[in-house]
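Just so we're on the same page: letters track the sequence lines, and every chain starts at 1.
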Amino acid sequence: MRWSTSFIPTLRDDPADAEAVSHKLLVRGGFVRQLMAGVYSLLPLGLRVKAKIEGIARDEMKRIGGQEFLLPILHPGELWKRSGRWDQIGDELFRLQDRRGSDVALAMTHEEVFTVVAGELRSYKQLPQVWFHIQTKLRDEARPKSGILRVREFTMKDSYSFDRDDAGLDAAFDNHLNAYRRFFRRCGFEAIAVEASSGVMGGNQSVEFMLASEAGEDWIASCAACGYAANLEKASSTLPAPEDPESAGVIEKFATPDVHTISELANFADGGVPAERQIKTLVYRAGNETLLVLLRGDHTLAEQKLLDSVEATEVRPASEKEIRAALGASPGSLGAVGVTNCIAIVDEALRGRRGMVTGANEDGYHLRGVDVDRDIEARAFMDLREVSDGEGCPVCEAPIAVFKTIEVGHIFKLGTKYSAALGAKVLDENGSPVPIVMGSYGIGIERTMAAVVEASHDEAGISWPVNIAPFEAVVTVLNPKDVKVSETAEHIYEDLVAAGIDVLIDDRHERPGVKFKDAELIGIPYRITVGPKGVENGVVEFMRRRDGESREVEIARAAETAAEAVLEERS
RNA sequence: CGGGCCGUAGCGCAGCUUGGUAGCGCGCUUGACUGGGGGUCAAGAGGUCGCGGGUUCGAAUCCCGCCGGCCCGACCA
């Protein structure tokens with residue numbers, strides 16, 4: 001392609017509304033333009049990258065036996081009602097009505113429709129199947145942000161596995177796990193596979209693929225020593241054994257005027273204790289039940305863990321009014337000792353603790369000498385707290401690291417949630433109908449694009465890996481008016497085209513500096529610079545974007561050298 | 001959905017406090033010089049000041065309403 005006739009609108013300045021590096025660079029480089037909040041147009045450069053990422057996804061899916069489909073994005077609301085998600089999901093699902101007034105949903109994901117198609121499977125002998133498509137998804141995100149990282153309209157590679165039993169699902173899941181690792185590696189980064197919560201997707205196991213990045217919004221805990229990694233919604237950790245008094249002691253009420261927070265109580269002169277000796281009492285509503293969620297004073301609740309373990313579709317913090325009605329005191333003086341009208345759920349870290357301090361359910365008073373096992377009627381002990389950096393890995397006890405990541409892929413063991421609801425059954429060996437065991441597996445294509453930029457850029461711009469670069473090489477013509485220079489450049493360009501390299505020739509009438517800056521901004525992995533001085537000496541400059549390494553190459557060998565470098569890196 | 005900030009030329013911004021009919025840099029067009037890291041000079045083009053209403057002789061500027069965007073939080077298969 002010729003730069004002079006291409007639409008590559010690069011910008012000198014960062015767009016004012018961009019925060020994330022990938023957002024700034026993809027806009028400045030002329031890859032994307034915003035249309036509205038969370039909706040972006042892909043320009044030619046952006047589309048080229050997207051197509052390459054899709055190509056790798058397709059390749060990896062076919063490697064594990066995937067068959068490609070293309071399912072609609074306009075779905076009958078009826079179908080989503082049958083799976084239950086019409087009511088479960090809320091505002092994130094785009095809904096509309098057609099001219100006859102029928103409910104229609106815009107695809108957030110395609111479990112329902114793939115399951116309907118799978119309804120034509122008749123026999124266990126037809127299983128397993130792995131089906132996929134690469135299709136637009138629409139989600140009315142509450143807060144689109146960070147450019148192309150979190151949007152309302154995007155492309156997803158999603159696949160669905162259909163198996164006769166859990167063992168089959170396990171195998172399909174493993175195949176995807178490996179395919180995803182290869183996929184992200186080919187896109188240019190090592191994704192961290194983490195245990196995750198399945199959320200409203202249903203199913204009992206899910207793994208997310210993450211890229212460590214400040215631009216991300218998911219926190220994960222990861223152990224460098226043994227490889228354990230989990231989303232903070234799910235991660236657990238070990239703590240040093242507490243040093244509690246031997247004897248249980250007796251409960252004493254004491255006055256704590258003006259003490260409303262854990263830290264105020266820790267600093268309270270007349271009976272205050274450190275946060276780790278306090279019991280934090282949070283009040284939640286789940287359906288018609290009031291839950292007391294008890295944690296150590298210095299710990300934070302991982303709300304998703306609570307949600308996952310109470311089997312409610314929704315839990316929310318109780319209002320101050322509800323709290324007062326249930327416990328007779330305001331936040332700051334709450335506790336679970338002697339409370340019978342609420343369900344107390346206690347974090348594992350409090351099990352067996354003695355000599356603790358907690359609220360007395362009377363404003364301005366606390367209790368000391370509390371023995372958790374003796375004094376609190378716990379419905380259950382569960383892991384509810386959020387892991388902190390430096391705590392012990394649950395597998396090997398080495399210190400665990402907590403950091404921010406971008407979620408680029410997510411795979412789920414769905415089980416029979418959708419097949420049972422939508423009647424996708426096969427006959428087993430005995431001739432009895434059994435629901436198909438399903439898995440679903442997604443990769444965000446544009447998000448992957450942005451993630452690569454987050455992982456691979458410098459002050460000058462993007463540095464694409466060869467596999468997904470919009471062009472693999474650029475021939476920069478320093479002075480197109482100089483006939484010798486321009487003929488030399490054109491020859492090299494033609495040779496690269498003939499060699500099957502995606503090559504761009506910068507034949508614009510621009511200053512050299514402008515061309516260099518632009519080539520670096522849009523991130524072309526290799527550059528051949530053809531200028532009058534070099535041509536005079538029979539050489540051109542060959543430069544690698546990622547480290548700036550450059551050398552002179554004979555004109556006759558230039559195309560070959562570049563082609564070899566590119567081909568060596570393609571995978 | 002709560003809190004904060006912002007909509008003026010393609011991009012980045014000033015002007016608004018104290019009303020008088022819009023300006024700067026970059027980019028763009030034409031010409032000349034220049035040609036290995038965003039060059040110089042000259043001449044130009046380009047704006048319903050987000051939208052609607054109100055106040056006023058007069059509104060980018062003041063008032064009311066709406067729309068849109070960004071950030072923080074809640075949310076997120």
Asks: Measuring from the side chain of A/E19 (C-beta onward, heavy atoms only), which nucleotide among B/G69, B/C75, B/C71 has the closest atom?
Replies: B/C71
Asks: Provide, to the nearest angstrom, the distance between the CZ atom belonging to A/R508 and the P atom belonging to B/G36.
Replies: 16 Å
Asks: Of the nucleotides B/C13, B/G36, B/G37, which has the atom closest to the A/K517 side chain?
Replies: B/G37
Asks: Please determine, for the side chain of A/L478, which listed nucleotide (B/G36, B/C26, B/C70) has the closest atom?
Replies: B/G36
Asks: Quick one: side chains of residues 529-536 of chain A, donor-acceptor pairs under 3.5 Å with protein atoms, not counting sequence neighbours, listed by atom name and distance.
Replies:
unit_1: A/T529; atom_1: OG1; unit_2: A/R527; atom_2: NE; d: 3.0
unit_1: A/T529; atom_1: OG1; unit_2: A/E541; atom_2: OE1; d: 3.1

Asks: In terms of relative ring orientation, are A/F184 and A/F189 parallel, tilted or perpendicular, with 30° and 60° separating the classes?
Replies: tilted
Asks: Considering only side-chain heavy atoms of A/R150, which listed nucleotide, B/C75, B/C11, B/G69, is closest?
Replies: B/C75
Asks: What I want to check is whether an N or O donor and acceptor connect the side chain of A/R152 with the base of B/C76 at under 3.5 Å.
Replies: no
Asks: Of the nucleotides B/C75, B/G38, B/C72, which one has an atom closest to the side chain of A/R143?
Replies: B/C72
Asks: With both distances under 3.5 angstrom, what nucleotide forms a Watson-Crick or G-U wobble pair with B/C70?
Replies: B/G4
Asks: For a quick check of understanding: with a heavy-atom distance under 4.0 Å over all strands, which category does A/F154 fall into, base, sugar-phosphate or nothing?
Replies: base
Asks: Give a yes or no on whether a donor-acceptor pair under 3.5 Å exists between the nucleobase atoms of B/G38, that is its base, and the side chain of A/K515.
Replies: no
Asks: When the C1' atoms of B/G69 and B/G50 are considered, how many whole Å apart are they?
Replies: 10 Å
Asks: In plain terms, say whether A/K157 and A/E54 are close enough for a salt bridge, that is, a side-chain N and a carboxylate O under 4.0 Å apart.
Replies: no
Asks: Toward the 5' end of RNA chain B, which comes first, A/H23 or A/A16, by nearest nucleotide?
Replies: A/A16
Asks: From C-beta outward on A/R511, which listed nucleotide comes closest to its side chain: B/G12, B/G35, B/C75?
Replies: B/G35
Asks: I'd like to know if A/D298 and A/K280 make a salt bridge, using a cut-off of under 4.0 Å between side-chain N and carboxylate O.
Replies: no
Asks: Indicate, with a heavy-atom threshold strictly under 4.0 Å, whether A/S146 touches base, sugar-phosphate, or nothing.
Replies: sugar-phosphate
Asks: Can A/D308 and A/K305 be counted as an ion pair, charged N to O under 4.0 angstrom?
Replies: no
Asks: Please say which of A/I192, A/T448, A/V452, A/I445 ends up in a side-chain contact (heavy atoms from CB on, under 4.5 Å) with A/V408.
Replies: A/T448
Asks: Figure out the CE/P separation between A/M543 and B/G37, and round it to whole Å.
Replies: 13 Å
Asks: What is the base-pairing partner of B/G38, counting Watson-Crick and G-U wobble geometry with both distances under 3.5 Å?
Replies: none
Asks: Of the candidate nucleotides B/C71, B/G35, B/G27, which contains the atom at the shortest distance from the side chain of A/K145?
Replies: B/C71
Asks: So which nucleotide does B/C28 pair with, by the Watson-Crick or G-U wobble rule with both distances under 3.5 Å?
Replies: B/G44
Asks: Both conditions, 6.0 Å and 45 degrees, for the charged tip of A/R95 above the ring of A/W86: are they met here?
Replies: yes
Asks: Please tell me which of the listed nucleotides, B/C70, B/C75, B/G36, lies nearest to the side chain of A/E541?
Replies: B/G36
Asks: Just compare B/C70, B/G27, B/G12 and give me whichever is closest to any side-chain atom of A/D17.
Replies: B/C70
Asks: What is the distance from CG of A/D14 to C1' of B/C71, rounded to the nearest Å?
Replies: 16 Å
Asks: How would you label the contact of A/D518 with the nucleic acid (heavy atoms, under 4.0 Å): base, sugar-phosphate, or nothing?
Replies: base
Asks: Round to the nearest Å and state the distance from A/M108 atom CE to B/C75 atom P.
Replies: 16 Å
Asks: Given atom CG of A/D506 and atom P of B/G36, what is their separation to the nearest angstrom?
Replies: 15 Å
Asks: Could you check A/P15 against A/V530 and say which one's nearest nucleotide on RNA chain B is further toward the 5' end?
Replies: A/P15
Asks: Can you tell which of B/G69, B/G38, B/G37 lies closest to the side chain of A/V514?
Replies: B/G38
Asks: Taking the same atom, C1', in B/C49 and in B/G3, what whole-Å distance lies between them?
Replies: 28 Å
Asks: Name the nucleic acid region contacted by A/R527, choosing base, sugar-phosphate or nothing; use a 4.0 angstrom heavy-atom cut-off, strictly under.
Replies: base
Asks: What nucleic acid atoms does A/E520 come within less than 4.0 Å of, heavy atoms only: base, sugar-phosphate, or nothing?
Replies: base
Asks: Base, sugar-phosphate alone, or nothing: which one does A/P9 contact when heavy atoms must sit under 4.0 Å apart?
Replies: nothing
